[in-house]
> 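What follows is a single structure, and I will ask about it in a moment.
Start at 1 with the first residue, then count along the sequence. All values below come from the heavy atoms of this structure, side chains included, with hydrogens, waters and symmetry mates left out.
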Amino acid sequence: MRAIPPLLLFCLFLLLLPSIQMKKPGKGRGLKGARHKLTRDRARGPRRHSRSGPSGLVSPNCLESPESGHVFVDCQERRLSFIPTANTWSNKPKHLLLARNRIKVLHDGAFLGYENLDSLDLQQNQISLVEDGAFQGLTKLTTLLLQHNRLQTLSEEVLIPMPNLGYLRLYDNPWNCLCPIDSLVRTLQVPSNRNLGNHARCAKPIWLKNMKLKHVDPELLCKEPDPANNQQSDETGYTGVLEPSSIRSKPDATTVCFTYHYPQIRMDCSNRGLTEVPSGIPDNVVHIDLSHNSISHLKARDFHAAKSLRTLNLSNNNMEHLDKGSLTGLLHLQELDLSNNNLTFVQHGVLEDLYFLLHLKLEGNLWVCDYSIQYMVYWLSLHPGVSPSGLVCYSPLEYAGESVEEYVKAYNRECPKQQSRPDQDQTDPKLWNTLMEAQAELEEEELEPSALRVPQKYQIIRLS
């Protein structure tokens, strides 16, 4: 029998090699690998999704959750650089939360398939360009949040696909108030658009800096600057259209804080360098975080408009004093955090409006255990439903580390009781007969029929 040449054997081996590889077990090759992948995807469940976006990158998992019959899709802080496609979700979302991501451009048709959206949150991204057809198909959208981005210009054409838009946030963007935003400014200034673009201000040119888009004269946007005054305008920044400098006022909560609308309205004002509670807190805010600022003094009526507030965080502020009336109006507050401040006591009346308070955080303060601390313990005793934490004596040294409640109990035990002073009428024998005679006269009058009683002009009552 003729032997097979080695070269021919090597060629046959190369031909059979692909079929051998296909039979190897693995997750990504052959039918078996496909089945394994399908089983793995089913095991993930319908609520969490991980799909590839237009850029080919895999998006982090987003959370789908029903809330009051509406589907919320929460993709906040997922490092997204693109808009996930609409077929990513098991149900059509009513609210899409894309805040705190890395989205830079909104391309035409970016939200096709999201026709049921009622609100869209795109704040705190890096958006610098919105193409005219980006919001095509969003005919039911009522709320659009674009604040805290890098937008310098925006056309009116962007808003046309959203006929029901009633709430638009554009502040904290570096708006370049020149001719390209002329149509946008005119749209914002229509009286019926009272909630579109409030608080948005020009960043340049310098002669319009800090002027609200609502107040800019549209005729100035496309006006050619006078070349003769260019140098003077650049040096002084004045061309006769500057708003007069206003008297220093409290910072505005809407522009200073980050506002999140869904599922409940929440304002994050932490780490904003605040020295006082900002004004203009909306009356429908449910949660406010004012922690890690420098608010040393809480003044009366600071929260008088925040009637819907449920939680208030004032921790880590070096706070030293709470005025009486500083918490007035917070009738529905359930959680108050005053921890890690410099409070030594709470004066009488400060807590009187907190009827529904459940949690009170007080740790990390400089509570002085003397007579002034007793109001806090007395108020807590009248509100057994409140769960306090951290109410511990800081000074004087002899009580340091002791529970304030235990200190007050010990104080009441050691406090000398005042002996009651006997009534002089009971100790003076000269007055005994007078008292007995007066009592007898009253008894006789009570026994007489009412018709025979002589009306008395004066009634003498002896007060001992």
Side-chain angles (χ1 to χ4, degrees), residues 250 269-270 274-278 288-304 306 309-422:
K250 296 177 72 173
C269 310
S270 61
L274 297 170
T275 58
E276 56 187 336
V277 176
I288 295 182
D289 185 356
L290 284 160
S291 63
H292 296 90
N293 284 293
S294 301
I295 305 173
S296 60
H297 183 192
L298 211 60
K299 301 174 183 176
R301 298 175 61 81
D302 269 347
F303 298 100
H304 73 281
L309 206 60
R310 296 293 189 277
T311 64
L312 174 59
N313 188 351
L314 289 162
S315 63
N316 296 280
N317 268 288
N318 296 319
M319 190 175 296
E320 299 175 352
H321 187 67
L322 305 177
D323 278 356
K324 186 175 181 179
S326 56
L327 301 176
T328 297
L330 302 183
L331 302 178
H332 302 286
L333 194 69
Q334 297 178 358
E335 182 174 330
L336 175 60
D337 191 347
L338 292 170
S339 61
N340 300 310
N341 283 296
N342 294 329
L343 295 171
T344 57
F345 75 100
V346 174
Q347 65 173 320
H348 187 276
V350 169
L351 305 174
E352 294 309 308
D353 274 7
L354 309 184
Y355 297 112
F356 298 102
L357 194 67
L358 298 176
H359 303 284
L360 180 59
K361 299 180 181 180
L362 301 167
E363 57 265 22
N365 281 284
L366 311 179
W367 302 115
V368 176
C369 284
D370 57 13
Y371 183 76
S372 61
I373 200 67
Q374 298 209 29
Y375 165 70
M376 177 74 79
V377 178
Y378 172 72
W379 185 87
L380 289 171
S381 69
L382 296 180
H383 298 79
V386 178
S387 176
S389 63
L391 190 55
V392 176
C393 299
Y394 180 82
S395 66
L397 190 59
E398 57 186 302
Y399 300 116
E402 183 178 338
S403 166
V404 171
E405 185 179 5
E406 293 301 320
Y407 160 77
V408 172
K409 289 180 180 178
Y411 176 89
N412 292 334
R413 285 196 301 267
E414 297 172 3
C415 183
K417 294 183 178 179
Q418 183 179 3
Q419 296 183 354
S420 58
R421 183 172 173 267

> Tell me the ring pair (Phe, Tyr, Trp, His ring centres under 6.0 Å) pairs involving residues 338-357, sequence neighbours left out?
His348-Tyr375

> Are any non-hydrogen side-chain atoms of Lys299 and Glu276 less than 4.5 angstrom apart?
yes

> Only counting residues at least two apart or in another chain, list the ones meeting side-chain contact (heavy atoms from CB on, under 4.5 Å) with Pro388.
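Pro388 satisfies side-chain contact (heavy atoms from CB on, under 4.5 Å) with Leu380 only.
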
> Please collect all salt bridge (charged side-chain N to carboxylate O under 4.0 Å, His left out) contacts where either partner lies in residues 390-404, sequence neighbours excluded, each pair once.
none

> Picking from Leu343, Asn341, Leu322, what satisfies side chain to side chain contact (heavy atoms under 4.5 Å, CB included) with Leu298?
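Of the listed residues Leu343, Asn341, Leu322, the side chain to side chain contact (heavy atoms under 4.5 Å, CB included) partner of Leu298 is Leu322.
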
> Applying salt bridge (charged side-chain N to carboxylate O under 4.0 Å, His left out), which residue pairs with at least one partner in residues 314-328 are found, sequence neighbours left out?
none

> Got a sec, which residues hit side-chain contact (heavy atoms from CB on, under 4.5 Å) with Ser389, two or more places apart in sequence or on another chain?
Lys361, Glu363

> Please collect all disulfide (SG to SG under 2.5 Å) contacts where either partner lies in residues 322-367, sequence neighbours excluded, each pair once.
none

> Going by the disulfide (SG to SG under 2.5 Å) test, which pairs reach into residues 329-387, not counting sequence neighbours?
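As it turns out, the disulfide (SG to SG under 2.5 Å) pairs with a partner in residues 329-387, which skip direct neighbours, are Cys369-Cys393.
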
> Which atom pairs, donor and acceptor, lie under 3.5 Å between side-chain atoms of residues 330-340 and protein residues at least two apart or in another chain?
residue: Asp337; atom: OD1; partner: Ser339; partner atom: N; Å: 3.0
residue: Asp337; atom: OD1; partner: Ser339; partner atom: OG; Å: 2.6

> Please confirm whether the backbone N or O of Met319 pairs with a side-chain atom of Asn317, one donor and one acceptor, at under 3.5 Å?
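No: the side chain of Asn317 does not pair with the backbone of Met319.
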
> Can you list everything that forms a salt bridge (Lys or Arg N to Asp or Glu O under 4.0 Å) with Glu352? Sequence neighbours excluded, please.
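By the salt bridge (Lys or Arg N to Asp or Glu O under 4.0 Å) rule, Glu352 matches no residue at all.
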
> Give, for atom CG of Asn313 and atom SG of Cys269, the distance between the pair rounded to the nearest 0.5 Å.
10.5 Å

> Listing request: all disulfide (SG to SG under 2.5 Å) pairs with a residue in residues 334-368, at least two apart in sequence or in separate chains.
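Residue pairs passing disulfide (SG to SG under 2.5 Å), neighbours aside: none found.
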
> With sequence neighbours excluded, tell me which residues meet side-chain contact (heavy atoms from CB on, under 4.5 Å) with Val377.
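Checked Val377 against side-chain contact (heavy atoms from CB on, under 4.5 Å); matches are Val404, Val408.
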
> Any non-hydrogen side-chain atom of Trp379 less than 4.5 Å from a side-chain atom of Val386?
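A side-chain contact under 4.5 Å exists here.
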
> Who passes side-chain contact (heavy atoms from CB on, under 4.5 Å) against Thr344, sequence neighbours left out?
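side-chain contact (heavy atoms from CB on, under 4.5 Å) list for Thr344, sorted by chain: Leu366, Val368.
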
> Please report the shortest heavy-atom distance between Leu327 and Phe303, naming the atom on each side.
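Minimum heavy-atom contact is CD2-CD1, 4.4 Å.
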
